[in-house]
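The structure appears below as structure tokens.
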2 protein chains.
Amino acid sequence: MKKESNITIHDIAKALGISGSTVSRALNNNSRISDKTKKAVRDMAKTLGYQPNALASNLRTSCTNTIGVIIPRISRYFFSSAITGIEEFAREKGFNVIICQSNDQKERESDCVQTLFASRVDGVISSVALNTDNYDHYKTFTNKNIPLVFFDRVCDELETSKVVVDDFKGGFLAAEHLISKGCKRIAHISGPQHLNLYINRLQGYLKAMRKHNIQIDKDQIIESPLNREDGLACAKKLLESSNPPDAIFAANDTTALSIILYAKDKGIRIPQDLAVVGFSNEPFSEYLSPSLTTIEQSGFDVGLKATELLLDIIQNKTGNRQETIVLPVRLIERESSNKLPN
Amino acid sequence: MKKESNITIHDIAKALGISGSTVSRALNNNSRISDKTKKAVRDMAKTLGYQPNALASNLRTSCTNTIGVIIPRISRYFFSSAITGIEEFAREKGFNVIICQSNDQKERESDCVQTLFASRVDGVISSVALNTDNYDHYKTFTNKNIPLVFFDRVCDELETSKVVVDDFKGGFLAAEHLISKGCKRIAHISGPQHLNLYINRLQGYLKAMRKHNIQIDKDQIIESPLNREDGLACAKKLLESSNPPDAIFAANDTTALSIILYAKDKGIRIPQDLAVVGFSNEPFSEYLSPSLTTIEQSGFDVGLKATELLLDIIQNKTGNRQETIVLPVRLIERESSNKLPN
DNA sequence: CTGTTAGCGCCTTCAA
DNA sequence: TTGAAGGCGCTAACAG
């Protein structure tokens with residue numbers, strides 16, 4: 001369906017008796033155009049209801065003014081709020097955003113890369129799928145010099161910029177919080193160890209344990225795919241063992257919730273709070289468990305920062321393509337946190 | 001940042017000793033090109049690693065192959081799953097998607113309209129903000145013949161296609177479910193009455209009440225903005241009255257949760273289940289309240305259907321621009337639904 | 001400071 | 001069934 005013709009810069013030019021290039025330059029705020037002309041052009045553009053045709057401009061400049069985003073799933077709050085941050089910043093700078101979901105599967109992540117590449121995006125922001133263990137597909141971008149920024153779940157193999165939250169500190173705070181409550185036997189359910197994210201949370205936990213001279217029991221540290229099923233399995237294993245932990249620090253929200261659910265279902269009391277990283281933004285968290293202590297990280301901030309970094313690279317404001325930005329985390333202790341999680 | 005030059009149809013043409021137009025037609029599967037030539041062109045395209053330049057094509061055809069989406073907030077599960085459905089269908093058909101969030105505010109909704117219009121989208125899918133009470137800003141699209149499809153929260157003033165779920169039946173099922181549990185005094189917290197969605201749920205409720213000869217008490221029907229604060233206020237009003245209801249049917253998830261939270265906090269027993277519409281997809285619902293009965297509606301299906309409809313209109317497969325599609329709902333009764341909601 | 005000219009890559013008449 | 005030519009709207013040299 002073809003649309004009716006629109007006003008172009010030439011219509012403005014004709015109306016003003018000047019040339020198209022002058023109009024173009026005026027509209028782009030080129031320094032070589034007099035202020036008087038600029039004003040005249042802008043006024044005329046407004047009265048004629050001119051809408052710039054990005055398509056033509058993009059074709060000419062071979063920039064799409066579009067960035068691509070690859071995330072595991074948009075339905076997770078952390079990622080949807082990251083999208084909000086990305087969209088907001090990008091739109092303000094005149095960029096559009098294409099979103100692709102990997103569903104946490106490497107295969108689909110590859111498809112996303114192809115899709116975005118074919119769309120000729122000017123740059124890409126990505127958070128890798130849980131089971132992505134090699135990053136060759138991303139070379140489609142790096143080979144063609146398309147800027148790439150990772151966030152949250154980052155890739156160290158590729159030389160790109162990254163935006164992460166302070167997972168080490170998050171792990172540390174979570175563990176120390178439990179220790180301060182008097183817990184000695186603190187289990188940690190960690191995530192896939194090829195992701196820095198989970199390595200760092202684990203290291204933070206270990207540091208807190210060591211700092212307070214608490215013996216670390218390797219049986220209390222479990223590597224999990226962090227899904228619901230495995231969360232329930234971990235809960236069963238830990239809570240029904242002959243020597244159950246005082247507290248559990250789960251490395252993500254799904255796992256923490258699975259544990260709470262399991263415990264509730266079986267009528268098992270968890271003596272202290274569960275700590276969980278990366279969950280406090282979840283809008284239902286206080287419904288879920290008013291006593292759950294969480295580590296706050298803002299998806300919005302992460303998305304915003306990643307976009308800022310990416311656009312800087314795209315616009316060549318910075319030559320440095322390997323910056324790593326670490327955003328702060330904060331422990332959120334809910335009221336009545338001595339109650340049984342419910 | 002300009003990118004290095006790419007392979008064009010002329011490179012293919014040169015390699016094959018034919019003209020650019022033939023290549024273009026072959027690639028677009030034009031019927032006037034012999035199968036042999038088509039195959040040769042496709043093969044050569046593959047060997048040369050040709051990537052079509054959508055920009056140029058779009059400029060020429062003045063179609064952007066992009067659709068715009070306006071939703072209240074992406075972080076709500078219903079909408080993020082709708083987005084997933086929209087993206088999936090659109091991408092498969094070669095369309096890109098631009099997402100704009102209104103934050104449930106009419107002002108921002110207007111901005112979204114402008115943004116999408118400036119992006120020259122080929123069509124728009126929208127679910128209106130809660131406080132949108134007039135639809136003039138949407139005329140930006142209809143005036144220019146840009147196809148528009150509403151979903152879930154639809155607008156009746158404008159002559160457009162719509163995709164909704166069967167809210168009437170949802171309301172009916174919810175109320176009848178509570179009646180079947182022996183409840184007589186069933187409160188209903190309804191939403192803004194300028195939205196069909198909530199009118200229909202209310203009507204369904206009323207029909208069920210009448211069918212079972214249950215007296216309708218107007219004090220038990222409350223119109224609410226359906227946010228958390230008002231949910232708590234409604235809970236207080238209903239549950240602490242001298243004659244509290246047997247059960248409450250809340251018209252959305254947030255309100256139902258607020259009520260559960262309030263009741264739990266105050267130690268008030270709600271004699272029967274709470275019914276809630278439009279919530280069963282929420283991934284945490286079973287954590288929140290294993291005994292909550294919900295009305296299932298699939299955001300994914302709604303998004304998919306809306307996109308299908310929109311693309312049909314864009315591609316002129318159908319002249320009918322006022323179709324209304326009603327998708328089915330289903331009541332989901334959780335196990336142990338006689339327990340106190342917790 | 002402004003105008004002229006020549007494309008960006010593709011599609012689409014028109015002619016063969 | 002194919003080719004030639006022109007132009008979508010804009011920008012970026014190159015000239016003034």
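Letters A, B, ... mirror the listed sequences (proteins, then strands); counts begin at 1. All values below come from the heavy atoms of this structure, side chains included, with hydrogens, waters and symmetry mates left out. No experiment lies behind these values; they were computed from the predicted model shown.
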Sequence-distant partners of A:Y138, ring-ring contact (aromatic ring centres under 6.0 Å, His included), two or more places apart: A:F150
So, using salt bridge (Lys or Arg N to Asp or Glu O under 4.0 Å) as the criterion, who are the partners of [X] when residues are at least two apart?
X      : result
B:R73  : none
A:D156 : A:K162
A:K139 : A:D136
A:R25  : none

Ion pair check, B:E308 and B:K305, cut-off under 4.0 Å: yes
Any residue meeting side chain to side chain donor-acceptor pair (under 3.5 Å) with B:T66, in chain and number order, not counting sequence neighbours: none
Pairing residues for A:T37 by the side chain to side chain donor-acceptor pair (under 3.5 Å) criterion, not counting sequence neighbours: A:S34
Terminal axis angle for the helix from C:dC1-D:dG16 to C:dA16-D:dT1, five pairs an end, nearest 10 degrees: 30°
Hey, can you pull the donor-acceptor pairs under 3.5 Å for the side chains in residues 112-119 of chain B, sequence neighbours left out?
{"unit_1": "B:T115", "atom_1": "OG1", "unit_2": "B:D111", "atom_2": "O", "d": "3.0"}
{"unit_1": "B:S119", "atom_1": "OG", "unit_2": "B:T115", "atom_2": "O", "d": "3.0"}

Contacting residues from residues 34-42 of chain A, given that a heavy atom lies under 4.0 angstrom of DNA chain C: A:S34, A:T37
Strand contacts (DNA chain C) in residues 15-24 of chain B, 4.0 angstrom heavy-atom criterion: B:S21, B:S24
Could you write out each protein N or O paired with an N or O of nucleotides 14-16 of chain C at a distance under 3.5 Å?
none

